[in-house]
Amino acid sequence: MNCKPTTVYQSYIALFVFALAMGILEAIVVVYVRELYYPNGFVFPLKTLPKHIIAIEIIRELSTLLMLGSVAWIAGKNGLKRLSAFLFLEYGISFITSL
């Protein structure tokens, strides 16, 4: 089997695609949650979410961070490159998908 090593450019393209898909998925979840708990938009006072839903949201957020961290770990060859990949995934694409 003759496999060429992945170039840095290819790695960043793969990171970008993953982060874009992840950001869109997160945005869809937010739309669902808002529609379920605030079908008429945000009106003050805001509804308090049940404790079990808050716990699920915290687990969902932690799971998202772990998934992004895992991909960043695979993408980087040292600590600084892994950190930069994670920050790119977490903040760079998150910003774009939230526009």
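Side-chain atoms are counted along with the backbone in the values below, which use heavy atoms only and exclude waters and symmetry mates.
The side chain to side chain donor-acceptor pair (under 3.5 Å) pairs that include a residue from residues 15-24 number zero, where partners must be two or more places apart or lie in different chains. Pairs engaging residues 79-88 under the salt bridge (charged side-chain N to carboxylate O under 4.0 Å, His left out) rule: none recorded [sequence neighbours left out]. The side chain to side chain donor-acceptor pair (under 3.5 Å) contacts involving residues 49-58 comprise Glu57-Arg60, where partners must be two or more places apart or lie in separate chains.
The side-chain contact (heavy atoms from CB on, under 4.5 Å) test applied to Ile74 returns no partner, not counting sequence neighbours. For Tyr37, the ring-ring contact (aromatic ring centres under 6.0 Å, His included) criterion is met by no residue, not counting sequence neighbours. Partners of Leu66 according to the side-chain contact (heavy atoms from CB on, under 4.5 Å) rule, which considers only residues two or more places apart in sequence or in another chain, do not exist here. For Glu61, the side-chain contact (heavy atoms from CB on, under 4.5 Å) partners are Glu26, not counting sequence neighbours. For Leu36, there are no side-chain contact (heavy atoms from CB on, under 4.5 Å) partners at least two apart in sequence or on another chain.
The same ILVMFWY cluster, assembled from side-chain heavy atoms under 4.5 Å apart, contains both Val29 and Leu62. Linking Ile, Leu, Val, Met, Phe, Trp and Tyr residues whenever their side-chain heavy atoms come within less than 4.5 Å places Leu65 and Leu89 in a single cluster. Note: the hydrophobic cluster containing Ile24 also contains Phe88 (ILVMFWY, side chain heavy atoms under 4.5 Å, direct or indirect links). Leu68 and Leu25 fall into different hydrophobic clusters, defined by Ile, Leu, Val, Met, Phe, Trp and Tyr side-chain heavy atoms under 4.5 Å apart, directly or through other members. Taken together through direct or relayed side-chain contacts under 4.5 Å among Ile, Leu, Val, Met, Phe, Trp and Tyr, Ile58 and Ile53 form part of one hydrophobic cluster.
Remark: Leu83 CG to Asn78 CG distance equals 10.0 Å, nearest 0.5 Å.
Smallest separation of non-hydrogen atoms from Leu49 and Ile54: O-CD1, 3.6 Å. The minimum heavy-atom distance linking Ser84 with Tyr12 is given by the pair OG-OH, 4.3 Å.
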Only distances under 3.5 Å count here; give the side-chain donor-acceptor pairs of residues 13-23 to other protein atoms, sequence neighbours excluded, each with its distance to 0.1 Å.
none

